[in-house]
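Shown next, in structure tokens, is the structure this report addresses.
Per chain, numbering begins at 1; letters A, B, ... match sequence-line order.
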Amino acid sequence: MRFHADNSTLGEKMECIKVKALLSSKESIGSVCVKGWIKTRRDAKTFSFIEINDGSCLENIQVIADTNMENYETIKKLTTGSAVSVRGEMAPSPGKEQAWEIHAKKMDVFNTAPEDYPLQKKRHSDEFLRTISHLRPRTNKYGAAFRIRSELSFAIHQFFHERGFTYIHTPIITGSDCEGAGELFQVTALNLENPPKNNGHIDYSCDFFGKPANLTVSGQLEAELLALALGDVYTFGPTFRAEDSNTSRHMAEFWMVEPEMTFCDLKGDMDNAEAFIKYVTQYIVSHCGSDLSLFARFVDKTLMPTLENIITTEFIRIPYKEAVDILSGVKDRFDYPVDFGSDLQTEHERFLAETHFKQPLMVYGYPKSIKPFYMRVNDDDQTVAAMDVIVPRIGEIIGGSQREERLDILEQRMTETGINLSDYWWYLDSRKYGSVYHSGYGVGFERLMMMLTGISNIRDVIPFPRTPGNIEF
RNA sequence: UCCCCAGUAGCUCAGCAGGCAGAGCAGGUGGCUGUUAACCACCGCGUCCGUGGUUCGAAUCCGCGCUGGGGAGCCA
């Protein structure tokens, strides 16, 4: 949609320009029109400095409004947060902080923000801003985060597109509790106040799908089916976990990227995962420099070196057993013991990434006893072809594996882990008809955002976070 | 779900060996200035999270609850 300013008083046609385009201009465009929200106003004797932001970039455009303007008295009372339209001449700014400014000829007010507008010209705590999630996108920090979120989404699609992957859509509503992992959100059209019953139990044959249904916890199983037809595929969509998790790294609703590659072993899986992380990091560094600089300045002083390190350094790859050996050699540091056969604790992962190697690493070859049924069993019959990518500060950002393509072994593993084979007849069919070796992984999109921005709470990298007890907005 | 910490003005926070509730910012008024989270002066601002209790007296001490944060588990 194109916006045209009402030029009745100026008698000329003028198209609205985004602040980003205006500020990046090499020379004056002359007469311009800008629409946005007032960030701050400073009054001089015969004029006001008004900074306007339209969300197109972090920076504001400074507008000079002087007493000659017909509605100067109104302009002088404009508050932070008010929505305005400005027309005037683009001119070089004598000030140090900006190259361009607008000498206003006309300023129209769409709507003023009363004095109780919660966002002030000062730093607010993330906790407070979370209580006003409907307004926080207007702050510098959250505006920058959500622009980066958009660019990151684009970079992800571009990475896979360049490599010939097919973007697929897997269902949000599923009939199977995939992987038996975590608590599920049930989806129902039944009247919960008075559900139909049969022998004292809820009669799901009367429900919408004729059986219980849930929100997906992963698109992986369906992605495998598409991969076994289209080659390399990926999904990128919302995922739901009803876990009562209260941490800075978990949400009930989050976005996940899940590539699945045929004729690909664990090494190929790790190669792709490393290339993926490096690619999107490089993309954000090259395309979001201005927004990123805010995080480097105010959120994480070490952000830029950290990102450079991710881009340029080859990720360490060590077998799980070696990781256990390293951790076992560390005395008097961990609350939880390290021993072969149990999963690495968060403190262990962070020690490896932050203290021992000081860079991203991949741990592979976990004991099969702690991993799901679909991971390929290694020849030792003790470990599976699983891998985790661990980065400093965040911990696990990617979890993946080569999938078990041998029907008999897969069935055995499912039986061992208590999964009803008949519910997964369609998944097993993929191993019956033309089964091939294949691999994939899952990336937590929000954790990737945390890594790229230095934001330490996952609730601050998504506009409206869903966590236990929080469904406002 | 478990462990720890916190809740005081619109916001950020001080006050807490129990004795009239404070500052900065924001807001208002005036001044000054091509200013940069502008500056100077003055003005107003409170269910001290809720609820029981101890006490002559509780923001301050104790119990319970609610909310938020940090850590853990689960994982992305």
Whether the side chain of A:Asp43 and the base of B:U35 hold a donor-acceptor pair under 3.5 Å is what I'd like checked. no
Row check, A:Tyr279 ring normal vs A:Arg163 NZ/CZ: under 6.0 Å, within 45°: yes
Base paired to B:C11 (Watson-Crick or G-U; both N/O distances under 3.5 angstrom): B:G24
Would you kindly give the CD-to-P distance between A:Glu127 and B:A6, to the nearest whole Å? 15 Å
A:Arg447 bridged to A:Glu396 by N-O distance under 4.0 Å: no
Watson-Crick or G-U counterpart of B:C74, or none if no pair lies under 3.5 Å: none
Does B:U67 have a Watson-Crick or wobble mate here (both distances under 3.5 Å), and if so which one? B:A6
Take the protein atom NE2 of A:His250 and the nucleotide atom P of B:A72, then report the distance between them rounded to whole Å. 10 Å
Under 5.5 Å between ring centres and under 30° between planes: does that hold for A:Phe445 against the base of B:A76? no
Nearest whole angstrom, please: distance from the P of B:G68 to the CG of A:Asp126. 15 Å
Could you tell me whether A:His348 and A:Tyr336 have their ring centroids closer than 6.0 angstrom? no
Find the distance A:Ile38:CD1 to B:U36:C1' and express it as a whole number of Å. 16 Å
If we take the P atom in both B:U8 and B:C48, what is their distance in whole Å? 11 Å
Starting from C1' on B:C74, measure out to CG on A:Asp388 and report it in whole angstrom. 14 Å
Here the distance between atom C1' of B:G71 and atom CD of A:Gln345, to the nearest Å, is 13 Å
Watson-Crick or G-U wobble partner for B:C61, using a 3.5 Å limit on both distances? B:G53
What about A:Gln62: does its side chain form a donor-acceptor pair under 3.5 Å with the base of B:U35? yes
Any N or O donor-acceptor pair under 3.5 Å from the base of B:C75 to the side chain of A:Arg447? yes
Please give, in whole Å, the distance from B:A26 P to A:Leu129 CG? 17 Å
Test for a donor-acceptor pair under 3.5 Å between the base of B:U1 and the side chain of A:Glu183, counting only N and O atoms. no
B:U35 pairs with, by Watson-Crick or G-U criteria that keep both distances under 3.5 Å: none
Nearest whole angstrom, please: distance from the C1' of B:G70 to the CG of A:Asp460. 14 Å
